[in-house]
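What follows is a single structure, written as structure tokens, with notes after it.
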Amino acid sequence: MNSITLAPGLAYYPDYLDRAAQDALLKAVREATRAAPLYTPRMPRTGKPFSVRMTNCGGLGWVSDEHGYRYQPTHPETGTAWPDIPKIALDAWEALSGYPHLPDACLINFYEPSARMGLHQDKDEEEFDAPVVSLSLGDTALFRYGGLDRKDPTKSVKLRSGDAIVFGGPARLIHHGVDRLFPGSSDLLPQGGRLNLTLRKVKVGPIS
DNA sequence: GAGTATCA
DNA sequence: AAAG
């Protein structure tokens with residue numbers, strides 16, 4: 001499988017999922033969002049809404065509101081447990097993570113054409129030995145990544161539908177974000193936009 | 001468009 | 001302190 005090392009620990013797999021796999025994953029995501037609808041996260045303290053809408057699958061989901069960032073086992077609006085992680089996503093984790101346990105969290109981000117994600121670190125997990133595996137569906141995104149320090153220099157790469165990226169080892173905690181989408185760049189989602197799935201291991205050890 | 005800074 |  002084709003992989004490009006963008007930085008130490010940061011592996012990029014262009015076209016990791018073929019079109020049939022993308023269609024299958026999209027179908028699974030639609031089923032997940034039927035059980036756990038996309039909601040609008042808010043910033044801690046200020047309550048300012050994100051432009052990206054989110055939901056989760058797996059035992060734990062990442063949420064953000066006035067009270068802070070955290071992982072929790074239920075949807076913040078419906079109060080019900082998150083649906084299961086799609087099989088195709090688990091397969092990607094097993095193929096790409098190099099980690100001996102299944103993920104316990106899968107954050108699903110939906111970007112409308114105008115949505116952005118500022119430069120940030122994924123550091124709300126307890127297990128930093130496990131990588132974060134990211135899968136892109138739909139419109140191309142301009143992805144920015146830097147270093148452990150927020151002021152470290154950054155580079156950009158376009159992430160297209162079906163691409164995978166893995167943050168592991170020295171790249172597990174690098175800053176990253178999405179500067180913009182390229183509307184109309186994919187016909188996978190009829191309404192346009194981009195879906196991103198990030199698989200994580202929040203708790204140390206096997207899933208209980 | 002890319003990169004940095006500041007607030008909170 | 002924060003993916004704003």
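Here is the naming used below: chain letters follow the sequence lines, and residue numbers restart at 1 for every chain.
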[atom1] of [X] versus [atom2] of [N]: gap in Å, rounded?
| X | N | atom1 | atom2 | answer |
| --- | --- | --- | --- | --- |
| A:Glu66 | B:dA8 | CD | P | 17 Å |
| A:Met43 | C:dG4 | CE | P | 6 Å |
| A:Lys158 | B:dG1 | NZ | C1' | 12 Å |
| A:Asp152 | B:dA5 | CG | P | 11 Å |
| A:Arg150 | B:dC7 | CZ | P | 14 Å |
| A:Asn109 | C:dG4 | CG | P | 10 Å |
| A:His175 | B:dA5 | NE2 | P | 13 Å |
| A:Phe110 | C:dA3 | CZ | P | 22 Å |

Centroid-centroid distance, A:His120 to A:His175, less than 6.0 Å: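 Distance test on ring centres: not under 6.0 Å, no.
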
Side-chain touch A:Tyr16/A:Leu96, heavy atoms, less than 4.5 angstrom: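 The answer is yes; the side chains approach within 4.5 Å.
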
Which part of the nucleic acid does [X] contact within heavy-atom distance under 4.0 Å: base, sugar-phosphate only, or nothing?
| X | value |
| --- | --- |
| A:Arg116 | sugar-phosphate |
| A:Tyr69 | base |
| A:Thr154 | sugar-phosphate |
| A:Gly47 | nothing |
| A:Arg180 | sugar-phosphate |
| A:Asp124 | base |

Pair A:Arg116 + A:Asp179, salt bridge at N-O below 4.0 Å: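 No, this pair does not count.
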
NZ/NE/NH1/NH2 to OD/OE distance under 4.0 Å, A:Lys201 and A:Glu125: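 Here A:Lys201 does not pair with A:Glu125 in a salt bridge, since their nearest N and O are not under 4.0 Å apart.
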
A:Val52 reachable from A:Leu137 in the ILVMFWY side-chain graph, under 4.5 Å edges: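 No.
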
Base partner of B:dA8, which must satisfy Watson-Crick or wobble distances under 3.5 Å: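 B:dA8 is paired with nothing.
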
From B:dA8, C:dA2, B:dA2, nucleotide with atom closest to A:Leu142 side chain: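 Among B:dA8, C:dA2, B:dA2, the one nearest the side chain of A:Leu142 is B:dA2.
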
Side chain of A:Arg144 - closest among C:dA3, C:dG4, B:dG3: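 So the side chain of A:Arg144 is nearest to B:dG3.
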
Polar side-chain contact A:Arg45-C:dA1 base: donor and acceptor under 3.5 Å: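 Not at all, since no donor on one side and acceptor on the other fall under 3.5 Å apart.
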
